[in-house]
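In each ligand, atom 1 is the first atom listed, and ligand 1 is the first ligand listed. The basis for the numbers below is simple: all heavy atoms, side chains too, and nothing from hydrogens, waters or symmetry mates. In this chain, residues are counted from 1 in sequence order.
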Amino acid sequence: MKIEFLNLGKQPLANSFLTQEQFKNEFFFDLKVQFDTNTKLVSLVNFVPPEKMFNEDYAYSSSCSKTMADHFFNTAQYLMSYGSPKILEIGSNDGVFIGNVDPKNAVAVEPCANFANITRRMGYTTYDQFWTEDLAQQIVKEHGTFDIVYAANCMCHIQDIQQAFNAVNIVLNDAGRFIFEDPYLLEVIKNSAYDQFYDEHAHIFSIISLYNLLKNAGFRIYHVDFPNTHGGSLRIYADKRNAQEPEKVSSQIGIELGYKLDQISTYETFASAVRKSKLDLQFLLKNIKSEGKNIIGYGATSKSTVIYNYCQTDTKYIDYIIDTTPAKQGKYSPGVHIPIVPPTKHITCDYAFLGAWNYKNEILSKEKNRDFSFITHVPRIMII
Ligand code: DWN
């Protein structure tokens, strides 16, 4: 049975930054979140057709921060320590990970043609298609099977996740490793980080839910770890061995059970915290404006699209958003249409809402001489 527990209202595509001419045709959908009492998977109630989100206009570039570039460099070094494995990356974006692997040993899958063209130019065979069992069969025919299948911030975007895991089984050789990472549900719940729910994130994973889904696809989880990226991620290591999960995996499942991630009551409590977060943010922003102070946004993230639309925070509160991504600059944020501009060397404002809160450390260190304050909603509404 699937139980809806959170309603974030009408939302646009979180990553679809637009021009003024595009305002009139903007797409909106009902953003609601549900819990499956059988698989324990947390998913959106209404999926948006993938072609609407992941196409040649996709704006998010994974190389946008040093934190992520370092993370993927280190991940590639680690995977290479298994010898010279043959690697398939699903969701290769602008090549920030695969660029660290010899093109002779790597194949990429990336449905957004703008990014697929980048990795092709870098010398990688790239399939600009969605990840399916048919594509997996085709890749095996053309390249054989792989030692490692790696996916970062990709599997949680795939709506038919069971089919996606089955497809990985097709391309992975029998001794192979399937390693993937996505935002971690436990961190979302602990931090009231409700902005991790948006059109692209079809699911937010717990280990409990992945244990069930991976088992159905012929995998066991042999290791887990928790990269400090994207506000707290879960990295799963799975293989095809018919063996017992090691202690670390069962003990983390025990921790999740301690947080009751297998029970609907946890999600209902989370939904109450989300409603409070919205009221607290609206109250704070109103107070700041009544003092005649100004507020900007820092980082035009997909996550901030959710916050601005759910909390009805438009240009009445936020003058503009600064963002380093050239493809977003000169455009407007989805739904509430706040202008996006490149950051200036010296930022002049009284407050900046930290849309890119997942890069808090990198940003605080970059802005250590600031003469403005940050506002964040994670783990609760506060001023930094
Ligand atoms: O899964 C997804 C993750 C990995 O990335 C996608 N579905 C979409 C995207 O989500 P996001 O847009 O919330 O990602 P980020 O990584 O939080 O976006 C950061 C944004 O902030 C970028 O547009 C760059 C910008 N930024 C900035 O302007 N100044 C980032 C930093 C660190 C900065 O100093």
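Contact analysis puts His201 in contact with ligand 1, with a non-hydrogen atom separation below 4.0 angstrom. Ligand 1 does not have Phe17 within reach: every non-hydrogen atom of the residue lies 4.0 Å or more from it. Look at His157 and you'll find a heavy atom under 4.0 Å from some atom of ligand 1.
Centroid-to-centroid, the aromatic rings of Tyr317 and Phe353 stay 6.0 Å apart or farther. Outside the 6.0 Å centre-distance limit, the rings of Phe165 and Phe219 are not counted as a close aromatic pair.
Judged purely by distance below 3.5 Å, without hydrogens or angles, the side chains of Lys240 and Asn169 pair a donor atom with an acceptor atom.
Heavy atoms from both the backbone and the side chain of Ser302 come within less than 4.0 Å of ligand 1. Of all the heavy atoms of Tyr58, the ones lying under 4.0 Å from any atom of ligand 1 belong exclusively to the side chain. Heavy atoms of Thr67 found under 4.0 angstrom from ligand 1: none, in either backbone or side chain.
Backbone and side-chain nitrogen or oxygen atoms of Tyr198 are examined, and one is located within less than 3.5 angstrom of a nitrogen or oxygen of ligand 1. Considering backbone and side-chain atoms together, Tyr60 places an N or O closer than 3.5 Å to an N or O of ligand 1. Ligand 1 has no N or O atom lying under 3.5 Å from any N or O atom of Thr301, backbone or side chain. In terms of N/O distances under 3.5 Å, ligand 1 is approached by Thr325.
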How far apart are the C-alpha atoms of Glu200 and Tyr58, what are their side-chain angles, what is the distance that settles it, and do they pass the side-chain hydrogen bond (donor to acceptor under 3.5 Å, both in side chains) test? CA-CA 11 Å; Glu200 294 180 13; Tyr58 192 67; 2.7 Å; yes
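At a threshold of 4.0 Å, the pair Asp102-Lys104 counts as salt-bridged, since one of the basic side-chain nitrogens sits closer than that to a carboxylate oxygen. Using a cutoff of 4.0 Å between basic side-chain nitrogens and carboxylate oxygens, Arg177 and Asp147 are not scored as salt-bridged.
The atoms of ligand 1 that sit less than 4.0 Å from any heavy atom of Ser65 are 32 (C).
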